[in-house]
Trainee: 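Have a look at the structure that comes next, please.
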Number of protein chains: 2
Amino acid sequence: MAKAGSTSQLQGSERRDPEGTRRRLVAAAIAALREVGFAGASAREIARRAECNQALVFYHFGSVADLLVAALDETSRVRMERYSAAVAGVTTLEGLVTVGIGIFREDLDAGHVTVLAELIAGASTSPELGAAVAERIETWRRFTEEIARRVLDGSPFAPLLEPGEVAFAVVALYLGIELLTHLDGDRRPAEGLFATAGRMAALLGSLSGGPDLGGVPTSGRAEEGSP
Amino acid sequence: MAKAGSTSQLQGSERRDPEGTRRRLVAAAIAALREVGFAGASAREIARRAECNQALVFYHFGSVADLLVAALDETSRVRMERYSAAVAGVTTLEGLVTVGIGIFREDLDAGHVTVLAELIAGASTSPELGAAVAERIETWRRFTEEIARRVLDGSPFAPLLEPGEVAFAVVALYLGIELLTHLDGDRRPAEGLFATAGRMAALLGSLSGGPDLGGVPTSGRAEEGSP
DNA sequence: GTCTATACTTGGATAGAC
DNA sequence: GTCTATCCAAGTATAGAC
């Protein structure tokens, strides 16, 4: 063993690559947000998980808040890639819900959404953090809006629902489900909800192109042949 | 002015009633959770708002966490009374959404749901707090479930939707909307969503007793005259 | 680039005067 | 019951050695 008291930091002159340290800090920040929340994600706690010194947080990121934002960017980036690949080509509501269930389980297992939820709640304490988080949320809302537009297009609901509003609702619901599920560790309510959503999607999907919805005109955007 | 340094605390032997102090502390805790979030709701911050000494938090409540739970109980109690009165007698989906919009505006103005949302997020740091918060959420979910059951009863959706699941979704959505709206201070997305919900409710409500929903059998629970 | 050491601040919690 | 004073732990951030 090395000197007593130090857990796993570097001793002497054995330098490691700075990019590796940055990445480990970001990963540690994500893990800390997931496991001990915003209030517990201190520089010391994060550095301990990254197995480096606490001062490196400030050297590499300037402040804890900036590191947390970097952590949010990283999860957002990774999840955006995953989501994009998963929903590519999906245009039916039913297919979308099926994909959504899979993604949701991933998110829950890995705690991806927890990072976002914790930062949203933590943003109450600092307005600067709030602005940064709001920007990232807007990115997700727009992403969801595009999907909603695709699925809505040609459905009898098109004249009834704004894609932007649907996206807002989906993001809010997803966030809420995450919070509740993470709270008591029981994911069965969420699973049940998704199962029901699947049934409803199948039902609603069967209405598309079929009989009209209670006398509501399917005018305008309900045509096909778009790019 | 009195002695320098003290903002508004009591000097000498002028005692105030202990119940008043307790109430002021609870009110101050609620305000702190709303305005500076869980991370900012310290004993000192709360005592400052209650215009009393920081030590009284521990004298009256034992710990900060216990005071925060007491604060959650208080908002829950007040809001439960308000909600109960508001939805009394409402049985249609459309009427419910109308009432919901009014309640939602109240909640947003006064930040009632923020208290809950902050504590949910803050619960990540302490398991004991998490259990207490989970209990209160379950109360709200059950309350919502009863309303869902009433509205669902006799509607063509009764065989499709479990009241418990609907309640879970509603609570999650409400929570998510609160978080997002509180984040950037723009309540227009939420207002738009409620407006759309009102239109959808009117549409869906017109289906009740009317034509069936796309060939789905309205069997079992869709009968009236239950206990 | 990484670590040690340290200055400074804030927060939870308790003891004791009044 | 309330306040003062205080201890101790933990956090942010910086300076400087290596």
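So that the names make sense, note that chain A is the first sequence line, chain B the second, and so on, each numbered from 1. Here the structure is a predicted model, which means the values were calculated and not measured.
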Trainee: To the nearest Å, how far apart are B/R48 CZ and D/dC3 P?
Mentor: 15 Å

Trainee: If we fit an axis to the first five pairs and another to the last five of the helix from C/dG1-D/dC18 to C/dC18-D/dG1, what angle do they make, to the nearest 10°?
Mentor: 0°

Trainee: Quick one: B/R24 CZ to D/dC3 P, roughly how many Å, whole number?
Mentor: 8 Å

Trainee: A/I46 has an atom CD1; how far is it from atom C1' of D/dA10, in whole Å?
Mentor: 14 Å

Trainee: Between B/E45 (CD) and C/dA13 (C1'), how many Å, whole number?
Mentor: 18 Å

Trainee: Between P on C/dG12 and CG on B/L67, what's the gap in Å once rounded to a whole number?
Mentor: 10 Å

Trainee: Once side-chain hydrogen bond (donor to acceptor under 3.5 Å, both in side chains) is applied, what residue pairs with a partner in residues 126-136 of chain B remain, sequence neighbours excluded?
Mentor: B/D73-B/R136

Trainee: Starting from P on C/dG1, measure out to CG on A/L56 and report it in whole angstrom.
Mentor: 10 Å

Trainee: Distance-only check: which donor-acceptor pairs under 3.5 Å involve side-chain atoms of residues 188-201 of chain A, not counting sequence neighbours?
Mentor:
unit_1, atom_1, unit_2, atom_2, d
A/R188, NE, A/D186, OD1, 3.0
A/R188, NE, A/D186, OD2, 3.4
A/R188, NH2, A/D186, OD2, 3.0
A/E191, OE1, A/R105, NE, 3.2
A/E191, OE1, A/R105, NH2, 2.8
A/E191, OE2, A/R105, NE, 2.7
A/T196, OG1, A/G192, O, 3.2
A/T196, OG1, A/R199, NH2, 3.3
A/T196, OG1, B/E165, OE1, 2.2
A/T196, OG1, B/E165, OE2, 3.4

Trainee: Show me the protein contacts with nucleotides 13-15 of chain D, counting only N or O atoms at under 3.5 Å.
Mentor:
unit_1, atom_1, unit_2, atom_2, d
D/dA13, N7, A/Q54, OE1, 2.9
D/dA13, N6, A/Q54, NE2, 3.2

Trainee: Could you tell me whether A/R187 and A/D109 make a salt bridge, using a distance below 4.0 angstrom between a side-chain N and a carboxylate O?
Mentor: yes

Trainee: Which atom pairs, one a donor and one an acceptor, fall under 3.5 Å between side chains of residues 25-43 of chain B and the rest of the protein, sequence neighbours left out?
Mentor:
unit_1, atom_1, unit_2, atom_2, d
B/R34, NE, B/A110, O, 3.0
B/R34, NH1, B/A110, O, 2.8
B/E35, OE1, B/R49, NH1, 2.9
B/E35, OE1, B/R49, NH2, 3.4
B/S42, OG, B/E45, N, 3.1

Trainee: Counting only side-chain N and O atoms of A/S42, is one of them less than 4.0 Å from OP1 or OP2 of D/dA10?
Mentor: no

Trainee: Looking at B/R150 and B/V90, would you say the former's side chain and the latter's main chain have a donor-acceptor pair under 3.5 Å?
Mentor: yes

Trainee: Do A/Y59 and A/N53 have side-chain atoms, one donor and one acceptor, less than 3.5 Å apart?
Mentor: no

Trainee: Spell out, as yes or no, whether a donor-acceptor pair under 3.5 Å connects the side chain of B/R24 to the backbone of B/A50.
Mentor: yes

Trainee: So which pairs with a foot in residues 115-126 of chain B pass salt bridge (charged side-chain N to carboxylate O under 4.0 Å, His left out), sequence neighbours left out?
Mentor: none

Trainee: Are A/W140 and A/Y174 close enough that their ring centers fall under 6.0 Å?
Mentor: no

Trainee: What is the distance from CZ of B/F61 to C1' of C/dG12, rounded to the nearest Å?
Mentor: 16 Å

